[in-house]
Q: 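One structure is given below, represented as structure tokens, and several questions about it will come after.
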Amino acid sequence: MQAKASLANLMRVAHTLDVVSIVNADRSVREALTDMVFSAGYVPEPFESADEFLKSGRRLITSCLIADMQPSVMSGFELFHHLAASGGAIPTVLLTDNSEDDMRRVLQAGLQFLSKPFERSELLACVRSQIMNRNYSL
């Protein structure tokens with residue numbers, strides 16, 4: 001009986017954790033972001049590409065998306081717009097290298113972004129902000 005109660009408690013906790021999906025083609029950056037997100041108490045879901053993320057079926061449980069503006073095929077900006085156009089927009093933090101074109105597109109769209117390099121605390125503040133805003137709009 002106690003095992004059933006423990007399992008029920010574990011399931012209840014699992015449903016309250018926020019999943020943060022990370023889309024970044026650079027393995028070392030993806031792993032570092034995964035560690036940062038995990039250490040802050042979120043459930044990280046790392047993906048090498050936007051296509052991998054879209055095919056995973058994880059978008060339905062993603063509370064926040066961290067995506068690089070410079071991946072190999074689909075940028076984080078394009079991924080955000082693809083999700084929004086399909087009716088499944090996810091609170092998103094875009095990582096940019098400060099190129100003029102990236103900054104102009106992100107600012108015009110009113111999206112949250114971080115310029116590389118950034119501090120761990122900056123990233124986590126952005127993630128918290130996106131998740132809080134998501135929860136208020138539900």
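Numbering of residues begins at 1 and proceeds along the displayed sequence.
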Q: Which atoms form the tightest heavy-atom contact between A40 and R120, and what is the distance?
A: N-NH2, 4.1 Å
Q: Nearest 0.5 Å please: distance from the CE atom of M132 over to the SG atom of C64.
A: 12.5 Å
Q: Could you walk me through whether F80 and L65 pass side-chain contact (heavy atoms from CB on, under 4.5 Å), step by step?
A: CA-CA 9 Å; F80 175 82; L65 173 67; 5.8 Å; no
Q: Got N133 and P91 here, is their nearest side-chain heavy-atom distance under 4.5 Å?
A: no
Q: What closest approach, in Å, do R30 and F47 show between heavy atoms, and which atom pair accounts for it?
A: CD-O, 3.2 Å
Q: If we only count heavy atoms from C-beta on, is the F118 to L95 side-chain gap below 4.5 Å?
A: yes
Q: Evaluate Y42 against M36 for side-chain contact (heavy atoms from CB on, under 4.5 Å), listing each step before the verdict.
A: CA-CA 9 Å; Y42 301 110; M36 283 184 214; over 6 Å; no
Q: Can you give me the closest heavy-atom contact between D18 and I131, atom names plus distance?
A: OD2-CG2, 3.5 Å
Q: How many angstroms lie between atom OG1 of T34 and atom CD1 of I22, to the nearest 0.5 angstrom?
A: 3.5 Å
Q: So does K55 have more than 12 non-hydrogen atoms from other groups sitting under 6.0 Å from NZ?
A: no
Q: Between Q112 and V93, is there a donor-acceptor pair closer than 3.5 Å when you use the side chain of the first and the backbone of the second?
A: no
Q: Drop me the distance from E52's CD to E45's CD, to the nearest 0.5 angstrom.
A: 10.5 Å
Q: Would you say CZ of F38 has more than 12 non-hydrogen atoms from neighbouring residues, nucleotides or ligands within 6.0 angstrom?
A: no
Q: Which residue, L54, T62, T92, forms the side chain to side chain contact (heavy atoms under 4.5 Å, CB included) with L83?
A: L54
Q: Are D97 and D68 packed together at the side-chain level, in the sense that at least one heavy-atom pair is separated by less than 4.5 angstrom?
A: no
Q: Is there a path of hydrophobic side-chain contacts, each under 4.5 Å between heavy atoms of I/L/V/M/F/W/Y residues, joining V37 to V29?
A: yes
Q: Specify the closest pair of heavy atoms between R59 and I90, including all atoms of both residues, with the distance to one decimal.
A: O-CD1, 3.7 Å
Q: How far apart are the closest heavy atoms of A89 and A84, and which atoms are they?
A: CB-CA, 3.9 Å
Q: If you take all heavy atoms of F113 and S115, which pair is closest and at what distance?
A: CE1-OG, 3.8 Å
Q: Say you draw a straight line from CG of L33 to CG of N24; how long is it, rounded to the nearest 0.5 Å?
A: 6.0 Å
